[in-house]
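Side chains included, hydrogens not; waters and symmetry mates left out as well; all remaining heavy atoms used. Sequence lines set the chain letters: A, B, ... in the order given, protein chains first and strands last, and positions in each chain run from 1.
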Amino acid sequence: MKTSQLLIPTLREEPGEAEIVSHKLMLRAGLIRKVAAGIYTYLPLGLRVIRKVEQIIREEMNRAGAQELLMPLASPAELWKETGRWDFYGKELLRFKDRHERDFCLGPTHEEIITDLFRREVKSYRQLPLNFYQIQTKFRDEIRPRFGLMRGREFLMKDAYSFDRDEAGARLNYQKMYDAYHRIFTRCGLTFRAVEADTGLIGGTSSHEFMVLADTGEETVLYSDQGTFAANVERAEVMPPEQPENDPMKPMRSVPTPNCRTIEEVTTFLKVPANRLVKTLLYSTGKETVAVLVRGDHAVNEIKLKKVLGVSEIELAGPATVEKVTSAPLGFAGPVGLKGIRIFADHAIPALRNVVVGGNQLDTHLIDANWQRDFSADQVLDLRNAQAGDPSPRKDGILKVAKGIEVGHVFMLGTKYSQAMKATFLDPQGKECLAVMGCYGIGVGRTAASSIEQNHDERGIIWPYAIAPFQVHLLPVSQSEKTAGATTRLYNDLLAAGFEVLWDDREDRAGVKFNDADLIGAPFQVVVGDKGLADGVVEVKVRRSGIKSRVTPSDIIPYLRKLSAEADSAPAV
RNA sequence: CGGGGCGUAGCGCAGCCCGGUAGCGCGCCUGCUUUGGGAGCAGGAUGUCGGAGGUUCAAAUCCUCUCGCCCCGACCA
């Protein structure tokens with residue numbers, strides 16, 4: 001295509017609204033434009049990338065035995081009420097009423113819709129297994145959309161739903177999807193890792209997230225340095241300490257700690273490391289207030305806590321509650337003598353000896369407090385975030401930390417939805433059975449954005465061959481008849497050879513074209529000008545390496561074929 | 001929802017503190033020259049200063065309210 005026929009509004013300057021590199025480059029290279037917070041128009045170039053990713057997804061989903069369909073964006077409240085998610089999903093679910101005052105929502109995911117389809121249309125075990133997928137716009141009214149396509153409110157997602165006769169079949173489908181995801185992200189040229197994950201609002205029994213490793217990722221991943229263990233921090237289990245400390249217990253005493261409210265203030269003032277402190281955090285569930293004890297250098301994992309408490313919402317208690325429960329202002333809560341609320345201790349706590357805790361009194365802490373002797377808890381369990389240096393829960397090394405972008409998520413759902421919506425089939429004995437389900441998502445736009453995070457330099461995007469909007473950027477840099485003629489012939493030859501070519505036919509200077517080409521990031525640039533033509537050659541520049549070669553027009557097709565074969569077989573990291 | 005910040009030309013920003021009727025760079029349009037890494041010269045167009053209300057002789061500037069956007073947190077495939 002010719003540049004003059006496409007809207008490619010490249011920007012010289014960095015847009016003020018963008019923070020991370022993929023967002024900046026998507027705006028600068030003219031891929032997307034914002035319409036509202038978290039809502040974007042895909043411009044021609046951006047759409048081409050999206051379509052490439054979709055195509056790869058389609059091929060791999062079809063290969064894995066899934067079938068494509070398309071469900072509606074709007075769905076009636078009744079289906080959501082059946083599973084309870086009309087209430088449970090919260091404000092992220094964008095609701096509205098139609099002209100008849102009937103409740104609807106914009107689909108943030110489609111378990112209800114597909115399960116409804118299944119129960120209406122599928123009756124027999126003979127029809128199973130089934131796996132349906134769609135690539136469709138989702139809407140989630142995110143609290144804080146950010147980073148362009150990384151976290152939009154409206155976004156493209158591939159979602160798939162499998163139905164099986166039993167657990168074993170479901171596991172097989174899960175594995176097929178898991179393998180398909182590996183192929184998809186590999187083909188997209190991404191460096192990624194599958195990690196164990198929490199199931200969140202989708203629910204179900206187990207899940208894996210596919211994480212693109214990038215410093216700008218919003219997720220924290222822990223992985224063992226020697227083994228195969230890898231998990232989202234939300235999920236990563238923490239082993240209890242192997243051996244408790246056994247220093248002799250010293251007598252507990254009270255010390256003044258004026259204005260020392262935070263861990264940092266207390267450790268600095270008392271000159272002790274944070275791991276000698278026990279933090280007492282008060283959480284409100286709406287129904288009750290509970291105390292959570294974790295070591296000073298550990299962080300409470302609120303997902304683990306919610307599961308223990310069996311609630312979906314918790315928040316740190318406000319100053320008024322803290323004062324009511326501890327009879328001290330915020331910052332001095334401690335477990336010694338704490339009464340009237342349930343106390344949960346992380347399992348690192350009982351192993352400690354002679355620790356510092358809050359004194360439940362203004363400007364006061366207790367030192368040399370000891371488990372059992374001075375304080376205890378109603379339950380002791382894993383309540384904290386794993387962190388770098390912890391032993392792997394699979395006993396296969398020490399944990400390390402990385403940041404990741406969640407581009408895909410596969411879930412074993414079990415019968416959560418089939419049960420709630422009575423999605424059953426008849427087995428060979430004529431008995432009614434619940435379908436065992438799985439669901440599998442891929443963020444299409446996020447995958448494209450992740451690719452930019454991993455493939456760019458200071459000049460712009462460096463697209464992996466498989467998802468580049470165009471493979472060849474044809475750049476005539478002289479105004480002569482000779483160059484025009486050679487460019488036209490090359491363009492036609494390249495198209496005939498099957499390349500997707502962007503022909504910069506603008507009357508701009510060479511520098512402008514070179515800079516835009518580097519920004520847009522097609523894998524290969526073909527420069528045609530009087531200088532080279534005088535020697536009978538054009539110039540081929542490989543965007544990633546920057547290597548330029550002089551090639552005769554008759555050799556260009558085989559030359560680019562060779563380069564693109566290499567690009568396909570070895571997606572760069 | 002809490003904290004912070006920003007809304008001035010298509011984009012990036014100055015002007016606001018200290019009120020006097022809006023400016024810079026890039027882009028855009030016209031002409032000439034130029035033409036292999038973001039050209040030069042000359043000329044030109046473009047603003048309800050996010051919106052509403054108030055104070056004032058006078059408001060981009062001060063006050064109140066409101067809307068939008070960005071960042072941090074909480075939240076989230």
* To do: Show the numbers, then the answer: is there a side-chain hydrogen bond (donor to acceptor under 3.5 Å, both in side chains) between T289(A) and Y283(A)?
  => CA-CA 6 Å; T289(A) 302; Y283(A) 279 92; over 6 Å; no
Side-chain N or O of [X] less than 4.0 angstrom from OP1 or OP2 on [N]?
X: K513(A); N: rU35(B); answer: no
X: R12(A); N: rG27(B); answer: yes
X: R140(A); N: rC76(B); answer: no
X: R144(A); N: rC71(B); answer: yes
X: R146(A); N: rC76(B); answer: no
X: R509(A); N: rU34(B); answer: no

* Could you tell me whether a side-chain N or O of T3(A) sits under 3.5 Å from a main-chain N or O of W503(A), the two making a donor and an acceptor? => yes
Reckon [X] touches a base, only the sugar-phosphate, or nothing at all at heavy-atom distances under 4.0 Å?
X: Q479(A); value: base
X: E19(A); value: sugar-phosphate
X: E315(A); value: nothing
X: R153(A); value: nothing

* Answer with yes or no after comparing the ring centroid distance for H208(A) and Y178(A) against a 6.0 Å cut-off, counting only values under it. => yes
* Taking the six-membered ring for Trp, is the centroid-to-centroid distance between F163(A) and F118(A) below 6.0 Å? ->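 Ring centroids of F163(A) and F118(A) are less than 6.0 Å from each other.
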* Side-chain contact, heavy-atom cut-off 4.5 Å: V526(A) with L490(A)? -> yes
* Whom does rG23(B) pair with, Watson-Crick or G-U wobble, provided both distances fall under 3.5 Å? ->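 For rG23(B), the partner nucleotide comes out as rC13(B), under the 3.5 Å rule.
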* To do: Look through every strand shown and name the nucleotide pairing with rC1(B) as Watson-Crick or G-U wobble, where both distances are under 3.5 Å.
  =>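 Across any shown strand, rC1(B) pairs with rG73(B).
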* Structure fact -> Judged by nearest nucleotide, the residue sitting upstream toward the 5' end of RNA chain B, G16(A) or E218(A), is G16(A)
* Starting from the 5' end of RNA chain B, give me the residue, A510(A) or L156(A), whose nearest nucleotide shows up first. => A510(A)
* Does D516(A) make a side-chain donor-acceptor contact with the base of rG38(B), cut-off 3.5 Å? ->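 Pair found.
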